[in-house]
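Here is the structure we will look at, set down as structure tokens.
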Amino acid sequence: ITIGIEGASQLAATLTNMAKSVERDKVIPIAKDAAKPMQDEIKRRAPQGPTGNMRKSVKIKPMSGGVPIVLVAIDQKTAPHWKFHEWGTDTRRPGYYTGNPYSKGSSVMVGKKDGTIYGTYAAPMPVTAPFRRGVSAKAQETLKKLHDGLNGNLSRAAGLS
């Protein structure tokens with residue numbers, strides 16, 4: 001008995017095209033585009049300080065390696081104080097935040113120009129959670145954009161659109 005399958009080479013070609021359509025170099029641009037509304041929402045919710053670093057620190061970054069994953073993240077080098085807005089603080093002891101270059105001994109802050117000591121305690125900062133709230137607000141939209149983008153890629157690769 002001999003069984004023949006018609007269109008096997010066409011099926012193999014279609015499957016190869018579909019596999020290529022979900023490779024890293026094809027998926028990363030779709031994922032970046034899908035993450036843009038989330039990035040914009042987090043930036044919108046971030047407090048606007050005198051430097052604008054809080055808003056500048058919200059980045060879309062592809063993960064390294066072969067995985068096609070994109071992160072919306074905070075660049076801690078640009079805004080190391082982001083965590084205070086995200087999680088809030090209690091009343092801080094003198095010199096509590098050691099990452100502050102102007103923090104000295106028992107003072108909260110020392111003036112950059114003349115060394116004047118300002119205060120001995122810092123007031124509590126309320127939780128504003130711009131990152132968490134921005135992610136929650138745009139999660140469904142981001143997932144839908146990602147789904148639609150990947151589905152479109154696969155449909156084109158399969159010759160369905």
Is the backbone of A137 close enough, under 3.5 Å, to the side chain of E41 for a donor and an acceptor to pair up by distance? no
If you take all heavy atoms of T78 and S57, which pair is closest and at what distance? CB-CB, 3.8 Å
N/O donor-acceptor pair under 3.5 Å between T128 side chain and H85 backbone: yes
Do I74 and F84 sit in one hydrophobic cluster, given that two such residues count as connected whenever their side-chain heavy atoms are within less than 4.5 Å of each other, even indirectly? no
Flag yes if more than 12 heavy atoms outside K59 fall under 6.0 Å of its NZ atom; otherwise flag no. yes
Tell me, with the steps shown, if T16 and K20 meet side-chain contact (heavy atoms from CB on, under 4.5 Å). CA-CA 6 Å; T16 300; K20 287 180 182 176; 3.9 Å; yes
Are any side-chain N or O atoms of S21 and backbone N or O atoms of M18, one a donor and one an acceptor, separated by less than 3.5 Å? yes
Would L150 and M38 show up in the same hydrophobic cluster when neighbours are defined by side-chain heavy atoms closer than 4.5 Å? no
Decide yes or no for V127 and E86: does some side-chain heavy atom of the first lie under 4.5 Å from some side-chain heavy atom of the second? no
Heavy-atom count around Q48 CD within 6.0 Å, excluding the residue itself: above 12? yes
Kindly determine whether K144 and E141 satisfy side-chain contact (heavy atoms from CB on, under 4.5 Å), including the steps that lead there. CA-CA 5 Å; K144 182 170 179 4; E141 180 182 341; 5.8 Å; no
Could you tell me the separation between the CG atom of D33 and the OG1 atom of T142, rounded to the nearest 0.5 Å? 10.0 Å
Flag side-chain contact, heavy atom, 4.5 Å: V70 against M63: no
Verdict with supporting geometry, V22 and L154, side-chain contact (heavy atoms from CB on, under 4.5 Å): CA-CA 7 Å; V22 291; L154 285 167; 3.8 Å; yes
To the nearest 0.5 Å, how far apart are NE2 in H81 and CG in N53? 6.5 Å
Between A34 and L146, the two heavy atoms sitting closest are CB-N, 3.6 Å
Under the side-chain contact (heavy atoms from CB on, under 4.5 Å) rule, what do V72 and K138 come out as? Steps first, then yes or no, please. CA-CA 12 Å; V72 177; K138 294 296 180 173; over 6 Å; no
In one Ile/Leu/Val/Met/Phe/Trp/Tyr side-chain cluster, 4.5 Å: W82, W87: no
Are the side chain of R55 and the backbone N or O of K43 linked by a donor-acceptor pair below 3.5 Å? yes
Salt bridge present between E23 and K26 (N-O < 4.0 angstrom): no
CD1/I42 to CZ/R132 distance, rounded to the nearest 0.5 angstrom? 12.0 Å
Between I60 and F131, is there shared hydrophobic-cluster membership here, with clusters defined by ILVMFWY side-chain heavy atoms closer than 4.5 Å? yes
Least distance between heavy atoms, I28 atom then P62 atom: CD1-CB, 4.0 Å
